[in-house]
Amino acid sequence: MRRVVVTGMGAITPIGLNVLDYWDSIKEGRIGFGEITSFDTTDYKVKLAAEVKGFDPQQFMDRKAAKRMEDFSQYAVAATREALDQSGLDLEQEDPYRVGIAVGSGIGSLQAIEREHQKLLERGPSRVNLLLVPTIITNMAAGNISIQFGIKGKTICEVSACATGTHNIGEAFRSIQCGDCDVMVSGGSENAICPISVAGFSSLNALSTSTDPKKCSIPFDKDRSGFVLGAGAGIVILEELEHAKARGANILAEVVGYGATSDAYHITSPAEDGEGAIHSMKFALEDAGVSPENVFYINAHGTSTHHNDLFETRAIKALFGEHAYEMKVNSTKSMIGHLLGGAGAVEFITCVLQMNNGYIHQTVGLEHPDEELDLDYVMGSGVDMDIEYALSNSFAFGGLNASILIKKYGGE
């Protein structure tokens, strides 16, 4: 199998519109939660979200192109531009059919559906936007990246709800391993902060109803009450090692293992014994040929829901045994909320940043861990620590699980 490395990263998040600003916010423990501004929440139980603030699409694409994209596509294109710039790739010097894309969105644009449905009801079918379908479908983030940057290779769009970002990076990893492409633009993007989404997730009792930004997303805490919707995108450039070395690329990390499973249990609840999550992590480790005792850090799915945090903790303890108590486990969602299809990709970027800076961020807001949640969730403040391997987890409605193992690159 060919080795796969990370050579570029781009991020649009609630706490930073590029990787550098995002990392500064992560180190400071800054939260992106606030009152929802995109619609009137008077009749809604949920008042808070982690919105993207100050984003101007015309800084990343021309006005005409931006008007033909919904938020999730704009975020993906913007993050891709940053990732490509960092990678130093000159696409004009690359075979466009050897550069591919694996970028997904869990939902696409519910906003466009809401907006055009209202037109349909009030003004009739002839007034529905002719671009409705091309703007709402989830593969349009990948499609727009292809169009904007002239990328013509294998383009896929894994759609797996909250595991979308990790699945896409994992499948991009596989695509390079097996020789389909030499370079893959990969990740996920989402903005589902809108009335129908908030109402739907609220009906499931999945969202936090806290009105305190400091207490709304508190993974692993006994007072956790649900997740907080976030928005944004994470894009990473994966590249075959020899291809990257031949052009003198700055290698940020190596992807060494990927595991994906299904619980076959319930449409919203994870399996109580964590069996699917256990095997997802186990397969990622086995794929890399890495023993559990060599991993000391996990970026948890860590949604701040009762079931996820409990069952993920059970899975970690079941797989790693006593070694689990020697590990650091944190949740980036404590600062940016749940980006759904974008979550795993932004969390992957977080892992690489922590690895390269020797620092593990705190799980912000965690003060009183639940009784059975007895691992080291990095409470109170971040810690300086050398990280050789980082394991990132993403779990999704439908019982879908994805885990990816990242290794610090040493130039070998």
Side-chain angles (χ1 to χ4, degrees), residues 4-26 32 52-61 65-66 69-91 94 99-105 140-151 155 157 164-166 168-169 172-173 183-191 230-239 244 249-253 255 299 332 335-336 339-357 392 404 406:
V4 181
V5 294
V6 182
T7 56
M9 303 190 298
I12 300 292
T13 78
I15 56 174
L17 301 182
N18 56 64
V19 169
L20 182 60
D21 288 348
Y22 171 67
W23 177 237
D24 285 343
S25 294
I26 287 289
V52 169
K53 307 160 192 73
F55 176 78
D56 178 3
Q58 292 184 57
Q59 292 182 358
F60 306 96
M61 66 205 80
M69 297 183 209
E70 291 295 308
D71 288 349
F72 78 100
S73 287
Q74 292 179 353
Y75 296 164
V77 168
T80 298
R81 187 171 297 281
E82 181 187 12
L84 286 170
D85 286 347
Q86 185 185 38
S87 76
L89 269 169
D90 182 352
L91 292 176
E94 298 290 331
V99 180
I101 302 168
V103 173
S105 174
M140 274 301 154
N144 278 302
I145 290 169
S146 172
I147 293 165
Q148 290 292 307
F149 300 101
I151 297 170
T155 296
C157 170
T164 294
T166 300
N168 276 281
I169 294 173
F173 167 60
V183 179
M184 291 290 288
V185 177
S186 58
S189 183
E190 200 85 83
N191 182 10
I235 298 291
V236 296
I237 307 301
L238 300 188
E239 193 167 346
N250 179 32
I251 295 172
L252 305 175
V255 183
N299 188 290
T332 305
M335 285 178 271
I336 63 173
L339 274 59
L340 305 181
V346 173
E347 288 157 12
F348 179 100
I349 289 169
T350 310
C351 287
V352 174
L353 289 168
Q354 291 178 119
M355 183 175 287
N356 288 337
N357 288 277
S392 183
I404 199 151
I406 310 159

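Values below: every heavy atom of this structure, side chains too, minus hydrogens, waters and symmetry copies. What you are looking at is a predicted structure, and each value in this text was computed from that prediction instead of being measured.
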Partner set under side-chain hydrogen bond (donor to acceptor under 3.5 Å, both in side chains) for [X], not counting sequence neighbours:
X	answer
Thr164	none
Ser25	Arg30
Asn356	none
Thr166	Ser394

Considering all heavy atoms of both residues, which atom of [X] and which atom of [Y] are nearest to each other, and what is their separation?
X	Y	value
Pro14	Ile336	CG-O, 3.8 Å
Met9	Val236	CG-CG1, 4.0 Å
Ile145	Val103	CD1-CG2, 3.9 Å
Ser186	Ile169	OG-CG1, 3.9 Å
Ala76	Ile235	O-CG1, 3.8 Å

Output the distance between atom [atom1] ([X]) and atom [atom2] ([Y]), rounded to the nearest 0.5 Å.
X	Y	atom1	atom2	answer
Leu252	Ile237	CG	CD1	10.5 Å
Gln148	Met69	CD	CE	4.0 Å
Asn250	Thr7	CG	OG1	9.0 Å
Gln74	Asp56	CD	CG	9.0 Å
Ile151	Leu84	CD1	CG	5.5 Å

Please tell me if the side chains of [X] and [Y] come closer than 4.5 Å, counting only heavy atoms from C-beta onward.
X	Y	result
Met140	Glu70	no
Val52	Asn191	no
Thr332	Ile26	yes
Phe173	Met184	no
Leu238	Val183	no
Asn357	Trp23	yes

Do any pairs count as a side chain to side chain donor-acceptor pair (under 3.5 Å) and have a residue in residues 79-90, sequence neighbours left out, and if so which ones? none
Would you please name every residue forming a salt bridge (charged side-chain N to carboxylate O under 4.0 Å, His left out) with Asp24, sequence neighbours left out? Lys27
Ala233: partners by side chain to side chain contact (heavy atoms under 4.5 Å, CB included), with sequence neighbours left out: Tyr75, Ala79, Ser189
Restricting to side chain to side chain contact (heavy atoms under 4.5 Å, CB included), what partner residues turn up for Ser146, sequence neighbours left out? Ile101
Suppose we screen for ring-ring contact (aromatic ring centres under 6.0 Å, His included). Which residues come up paired with Phe60, at least two apart in sequence or across chains? Phe55
Show me the side-chain donor-acceptor pairs of residues 343-355 shorter than 3.5 Å, one per line, residues at least two apart or across chains.
residue, atom, partner, partner atom, Å
Glu347, OE1, Lys333, NZ, 3.3
Glu347, OE2, Lys333, NZ, 2.8
Thr350, OG1, Tyr22, OH, 2.6
Thr350, OG1, Val346, O, 2.8
Gln354, OE1, Asn330, ND2, 3.2
Gln354, OE1, His361, N, 2.8
Gln354, NE2, Tyr297, OH, 2.8
Gln354, NE2, Thr350, O, 3.4

